[in-house]
Amino acid sequence: QLQLVQSGGGLVQPGGSLRLSCAAPESTLDYYAIHWFRQAPGKEREGVSCISSSGRATNYADSVKGRFTVSRDNAKGTVYLQMNTLKPEDTAVYYCAADIEYSDCSGRRGTYAYWGQGTQVTVSP
């Protein structure tokens with residue numbers, strides 16, 4: 001069983017920055033690609049970003065490309081999502097998830113067996 005614990009998030013003005021963290025305090029993330037998803041009220045969940053188990057491959061949704069950066073520190077068992085130039089439309093609950101089927105970020109739909117608890121990001125003046 002893999003427990004993912006999220007931190008970060010909060011309220012920020014448009015144009016501001018936040019960093020989200022996703023950690024596995026009692027295990028290791030080394031073997032898993034980690035995906036970030038978000039869900040806004042009344043909207044479907046959407047994929048935001050992915051980082052491969054090695055950290056060498058990443059991908060991003062078009063809506064966040066150039067503004068968000070995903071990274072990982074396997075020694076610390078933590079994945080980060082740095083979010084810059086935030087917009088009101090980035091407001092959502094953000095979740096990290098571990099893919100137990102694929103360790104790369106090739107775009108194939110994996111099996112997200114483990115999820116963080118979610119963290120609210122609100123972008124508002």
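Only this structure's heavy atoms are used, side chains among them; waters, hydrogens and symmetry mates stay out.
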- Task: Would you confirm whether N74, through its side chain, and G77, through its main-chain N or O, come within 3.5 Å as a donor-acceptor pair?
- Result: no

- Message: Measuring from atom CD1 of I34 to atom OG1 of T58, what distance do you get when rounded to the nearest 0.5 angstrom?
- Response: 14.0 Å

- Can W36 and V70 be said to form a side-chain contact (heavy atoms from CB on, under 4.5 Å), step by step? CA-CA 9 Å; W36 288 94; V70 62; 3.9 Å; yes

- All heavy atoms of C105 vs all of N59, minimum pair found to be O-ND2, 2.9 Å

- Query: Side chain of T119, backbone of G8: donor and acceptor closer than 3.5 Å?
  - Reply: yes

- Item | Aromatic Y94 / basic R38 pairing, under 6.0 angstrom, 45° off normal | no

- May I ask you to decide if A113's main-chain N or O and T111's side chain share a donor-acceptor pair within less than 3.5 Å? no

- Query: To the nearest 0.5 Å, how far apart are CZ in F68 and OG1 in T85?
  - Reply: 9.0 Å

- Has the side chain of T91 got a donor or acceptor atom that lies under 3.5 Å from a matching backbone atom of P88? yes

- Quick one: which of M83, Q82, K76 gives a side-chain contact (heavy atoms from CB on, under 4.5 Å) with Y80? K76

- Message: Between N84 and S17, does the side-chain hydrogen bond (donor to acceptor under 3.5 Å, both in side chains) criterion hold? Intermediate values first, please.
- Response: CA-CA 4 Å; N84 297 330; S17 298; 2.9 Å; yes

- List the steps and the verdict of salt bridge (Lys or Arg N to Asp or Glu O under 4.0 Å) for R67 and D90. CA-CA 11 Å; R67 300 187 298 121; D90 294 318; 2.7 Å; yes

- Message: Is there a side-chain contact between D99 and H35 in this structure, where contact means two heavy atoms from C-beta onward sitting under 4.5 Å apart?
- Response: yes

- Can you see which heavy atom on L11 is nearest to which on S124, and at what distance? CD1-CB, 4.1 Å

- Task: Examine distances only and state if a side-chain atom of R19 and a backbone atom of G9 form a donor-acceptor pair shorter than 3.5 Å.
- Result: no

- Query: Are I100 and L2 side-chain neighbours, meaning at least one heavy-atom pair lies under 4.5 Å?
  - Reply: no

- Would you check if C96 and Q6 make a side-chain contact, meaning some heavy-atom pair closer than 4.5 Å? yes

- Message: I need the S54 OG to Y31 OH distance, nearest 0.5 Å.
- Response: 14.0 Å

- Message: In this structure, would L29 and Y114 fall into the same cluster of hydrophobic residues linked by side-chain contacts under 4.5 Å?
- Response: yes

- Side-chain H-bond candidate by donor/acceptor type, S52 with D104, under 3.5 Å: no

- Answer yes or no: is there a side-chain heavy-atom contact under 4.5 Å between T78 and C22? no

- Task: Would you confirm whether Y95, through its side chain, and Q39, through its main-chain N or O, come within 3.5 Å as a donor-acceptor pair?
- Result: no

- Of the non-hydrogen atoms in E46 and S63, which two are nearest, and what is the gap between them? OE1-OG, 4.2 Å

- Taking atom CD of E26 as the centre, does the number of heavy atoms from other residues, nucleotides or ligands within less than 6.0 Å exceed 12? no

- Euclidean distance, R72 CZ relative to Y32 OH, rounded to 0.5 Å: 11.0 Å

- Message: Take a 6.0 Å sphere around NZ of K43 and say whether it holds more than 12 heavy atoms from other residues, nucleotides or ligands.
- Response: no

- Message: For the OG atom of S27 and the CG atom of L4, what is their distance to the nearest 0.5 Å?
- Response: 9.0 Å

- Tell me yes or no: between the side chains of T122 and Q120, is some donor less than 3.5 Å from an acceptor? yes

- Message: Before you tell me yes or no, could you show the steps for V121 and L20 under side-chain contact (heavy atoms from CB on, under 4.5 Å), namely the whole-Å CA-CA distance, both residues' side-chain angles and the distance that decides it to 0.1 Å?
- Response: CA-CA 9 Å; V121 171; L20 306 182; 4.1 Å; yes

- Query: How are the rings of Y112 and W115 set to each other: parallel, tilted or perpendicular (split at 30° and 60°)?
  - Reply: perpendicular

- Note on the structure: Value for CD1 (I51) from OG (S71), rounded to nearest 0.5 Å, stands at 6.0 Å

